[in-house]
Peer 1: 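Have a look at the structure that comes next, please.
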Amino acid sequence: MENQCQNGNETLLKVSTLNCIDLSNPDIHQSVSLLKQACLDCGFFYVVNHGISQEFMDEVFGQSKSFFELPLNEKMKVLRNEKHRGYTPVLDELLDPDNQVHGDYKEGYYIGVEVPEDDPEAEKPFYGPNVWPEDGLLPGWRQTMEKFHHQALEVAKAVARIIALALGLEVDFFDKPEMLGKPIATLRLLHYGGQVSDPSKGIYGAGAHSDYGLITLLATDAVMGLQICKDKDAKPQIWEYVAPVKGAFIVNLGDMLERWSNCIFKSTLHRVLGNGQERYSIAYFVEPSHDCLVECLPTCKSENNPPKFPPIYCATYLSQRYKDTHAELSLYEKHQT
């Protein structure tokens with residue numbers, strides 16, 4: 001079982017066994033095979049030996065905790081803007097409106113690709129300057145987050161190269177300028193405050209959803225909470241926990257890759273259930289450039305399997321998905337007077 005990450009809680013909870021991709025493995029064929037199997041099965045897998053040190057990961061989690069421990073009035077000073085940069089309060093995001101009574105019982109902080117306001121690129125919906133807490137408030141915080149954003153992008157590019165090979169494409173397919181050469185890459189710090197979720201009452205840490213983009217890297221603390229549903233059409237749905245593995249990223253595919261691959265690779269429903277313990281995680285969402293046209297890959301269509309979706313520009317697709325799941329900013333105006 002060397003290629004699968006195990007956890008000792010499997011007797012207590014239904015825990016999914018996921019393939020584990022070792023980015024230091026010289027046998028690329030083995031990595032491609034493991035990844036392909038994971039993408040066809042559930043769209044989730046672990047990535048280890050990714051090049052980001054445990055010491056630095058601990059620092060990023062420590063800095064994240066420092067921010068979320070600030071008083072609410074300080075956090076509201078950096079409330080997210082229309083570019084999705086900054087603080088998202090508890091209940092701001094509603095991912096599963098059919099089943100959730102309220103929004104998600106989590107708070108977050110968005111950090112995107114830093115583009116100066118006077119740069120023409122800043123006109124694009126997901127580019128622009130980030131929102132940062134005041135320097136004196138959290139010393140070194142911005143530098144830590146910018147360094148992590150940069151390092152996580154390199155991990156995502158390494159994973160994307162294996163995905164390209166698994167789809168029968170050239171290894172550098174996703175490295176092109178219009179793809180991950182100028183990506184929309186968003187780091188999101190997350191804090192679940194210790195509420196107990198109750199699906200029967202519509203109360204969730206994060207409602208059931210699939211991610212919007214290409215791939216997501218997730219680092220978590222040691223608290224169990226993430227669940228996946230391999231078959232969203234099953235009645236009833238069967239949910240399995242994904243165990244935290246220290247030092248690993250949990251990686252999942254997004255809807256855009258499912259669309260690109262003509263549904264050959266799966267973007268899987270997932271959610272977070274709170275168990276009364278505080279939980280911290282760090283998500284890194286990776287999308288191609290604004291101007292990338294997402295259309296069925298040549299290796300994923302045939303006469304018998306024509307494209308299932310029309311082509312769409314990445315920026316158009318993402319803008320709609322964010323609008324569908326986030327509260328209107330006007331709701332927060334009273335906090336800023």
Side-chain angles (χ1 to χ4, degrees), residues 35-36 38-45 47 83-84 93 95-96 110 112-113 124-127 149 152-153 155-188 206 208-218 228-230 232 249-271 283-301 305-326:
L35 181 139
K36 189 169 187 175
C39 292
L40 294 170
D41 174 40
C42 67
F44 271 77
F45 50 92
V47 166
K83 296 261 188 168
H84 293 282
E93 193 171 12
L95 290 166
D96 185 11
Y110 280 120
V113 175
K124 294 178 175 176
F126 295 94
Y127 276 0
H149 193 291
L153 181 58
V155 177
K157 285 178 177 177
V159 173
R161 289 179 196 119
I162 303 174
I163 290 173
L165 292 172
L167 285 167
L169 303 164
E170 292 295 321
V171 67
D172 60 354
F173 179 85
F174 293 110
D175 287 328
K176 296 171 186 153
E178 70 273 19
M179 294 193 192
L180 298 185
K182 294 183 80 175
I184 299 169
T186 306
L187 170 59
R188 195 174 190 197
H209 65 287
S210 52
D211 290 348
Y212 318 146
L214 186 66
I215 56 172
T216 303
L217 310 181
L218 182 74
I228 63 173
C229 174
K230 291 181 181 179
K232 61 175 181 275
F249 280 113
I250 298 164
V251 181
N252 65 283
L253 311 182
D255 297 341
M256 197 178 290
L257 188 55
E258 179 172 285
R259 186 180 180 122
W260 231 331
S261 71
N262 215 20
C263 298
I264 291 172
F265 281 3
K266 290 167 66 167
S267 171
T268 297
L269 269 187
H270 51 286
R271 68 186 186 185
Y284 190 75
F285 302 101
V286 183
E287 279 75 76
S289 79
H290 286 77
D291 305 320
C292 181
L293 188 65
V294 178
E295 56 185 335
C296 185
L297 295 165
T299 55
C300 298
K301 60 185 177 185
N305 186 25
K308 296 176 173 63
F309 308 96
I312 190 168
Y313 283 103
C314 179
T316 310
Y317 177 77
L318 285 180
S319 295
Q320 188 56 51
R321 293 296 300 269
Y322 272 86
K323 187 170 177 289
D324 290 344
T325 54
H326 288 72

Peer 1: Measuring from His290:NE2 to Leu318:CG, what's the distance to the nearest 0.5 Å?
Peer 2: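 Rounded to the nearest 0.5 Å, the NE2-CG separation comes out at 8.0 Å.
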Peer 1: Working to the nearest 0.5 Å, report the span between CG of Leu253 and SG of Cys39.
Peer 2: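 If I round to the nearest 0.5 Å, the distance is 4.0 Å.
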Peer 1: Can you tell me if Tyr212 uses its side chain to pair, donor with acceptor, with the backbone of Met256 under 3.5 Å?
Peer 2: no
Peer 1: Tell me whether Lys232 at atom NZ has more than 12 heavy atoms from other residues, nucleotides or ligands lying less than 6.0 Å away.
Peer 2: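 Counting other residues, nucleotides and ligands, NZ of Lys232 stays at 12 neighbours or fewer.
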Peer 1: Is Leu40 close to Phe265 at the side-chain level, that is, under 4.5 Å between some pair of heavy atoms?
Peer 2: yes
Peer 1: Would you say that Trp260 contacts Ile163 through its side chain, given a criterion of any heavy-atom pair below 4.5 Å between the two side chains?
Peer 2: no
Peer 1: Is a donor on one side and an acceptor on the other found under 3.5 Å between the side chain of Lys266 and the backbone of Asp41?
Peer 2: yes
Peer 1: I need the Ile264 CD1 to Leu167 CG distance, nearest 0.5 Å.
Peer 2: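 Between atom CD1 of Ile264 and atom CG of Leu167 there are 7.0 Å.
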Peer 1: Search all heavy atoms of Ala315 against all heavy atoms of Phe126 and return the closest pair with its distance.
Peer 2: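 Result for this residue pair: O-CE1, 4.1 Å.
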Peer 1: Restricting to salt bridge (Lys or Arg N to Asp or Glu O under 4.0 Å), what partner residues turn up for Asp172, sequence neighbours left out?
Peer 2: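 Salt bridge (Lys or Arg N to Asp or Glu O under 4.0 Å) list for Asp172, sorted by chain: empty.
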Peer 1: Between His149 and Ala185, what is the shortest heavy-atom contact and its length?
Peer 2: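 Scanning both residues, the minimum pair turns out to be NE2-O, 2.8 Å.
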Peer 1: If I compare all heavy atoms of Asp255 with all of Ser267, which pair ends up nearest, and what's the gap?
Peer 2: OD1-OG, 2.6 Å
Peer 1: According to ring-ring contact (aromatic ring centres under 6.0 Å, His included), who are the partners of Phe173, at least two apart in sequence or on a separate chain?
Peer 2: none
Peer 1: Say you draw a straight line from CG of Asp291 to SG of Cys314; how long is it, rounded to the nearest 0.5 Å?
Peer 2: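 Rounded to the nearest 0.5 Å, the CG-SG separation comes out at 9.0 Å.
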Peer 1: Do you know which two heavy atoms are closest between Ile162 and Leu35, and how far apart they sit?
Peer 2: CG2-CD1, 3.8 Å
Peer 1: Which pair of non-hydrogen atoms, one from Ala152 and one from Leu217, has the smallest distance, and what is that distance?
Peer 2: O-CD1, 3.5 Å
Peer 1: Supply the atom-to-atom distance Tyr284 OH to Arg188 CZ, rounded to the nearest 0.5 angstrom.
Peer 2: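 The distance works out to 15.5 Å.
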Peer 1: What's the separation between atom OH in Tyr110 and atom CZ in Phe285, rounded to the nearest 0.5 Å?
Peer 2: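 Reported value, rounded in 0.5 Å steps: 6.5 Å.
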Peer 1: Determine whether a donor-acceptor pair (N or O, by modelled atom type, separation under 3.5 Å) exists between the side chain of Thr268 and the backbone of Cys42.
Peer 2: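 Present.
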Peer 1: Go through the steps for Phe249 and Val155 under the test side-chain contact (heavy atoms from CB on, under 4.5 Å), then give the verdict.
Peer 2: CA-CA 10 Å; Phe249 280 113; Val155 177; 4.2 Å; yes
Peer 1: Under the rule for side-chain hydrogen bond (donor to acceptor under 3.5 Å, both in side chains), what residues qualify as partners of His209, not counting sequence neighbours?
Peer 2: Asp211, His270
Peer 1: Would a distance-only check, ignoring hydrogens and angles, find a side-chain to backbone donor-acceptor pair under 3.5 Å from Asn262 to Cys300?
Peer 2: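 Indeed, once roles are kept as given, a pair shorter than 3.5 Å links the two residues.
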Peer 1: What closest approach, in Å, do Val286 and Ala156 show between heavy atoms, and which atom pair accounts for it?
Peer 2: CG2-CB, 3.6 Å
Peer 1: Using a 3.5 Å distance criterion without hydrogens, assess whether the side chain of Arg259 forms a donor-acceptor pair with backbone atoms of Gly254.
Peer 2: no
Peer 1: Tell me, yes or no, whether the heavy-atom count around Lys182 atom NZ, taken from other residues, nucleotides or ligands under 6.0 Å, exceeds 12.
Peer 2: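 Incorrect, the count does not exceed 12.
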Peer 1: Please indicate whether Glu178 has more than 12 foreign heavy atoms, meaning atoms of other residues, nucleotides or ligands, lying under 6.0 Å from its CD.
Peer 2: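 Correct, the count exceeds 12.
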Peer 1: Just do the salt bridge (Lys or Arg N to Asp or Glu O under 4.0 Å) check on Asp175 and Lys157 with the steps written out, would you?
Peer 2: CA-CA 7 Å; Asp175 287 328; Lys157 285 178 177 177; 5.8 Å; no
Peer 1: Using modelled atom types and a 3.5 Å cut-off, is there a donor and acceptor pairing between side-chain atoms of His84 and backbone atoms of Gly112?
Peer 2: no
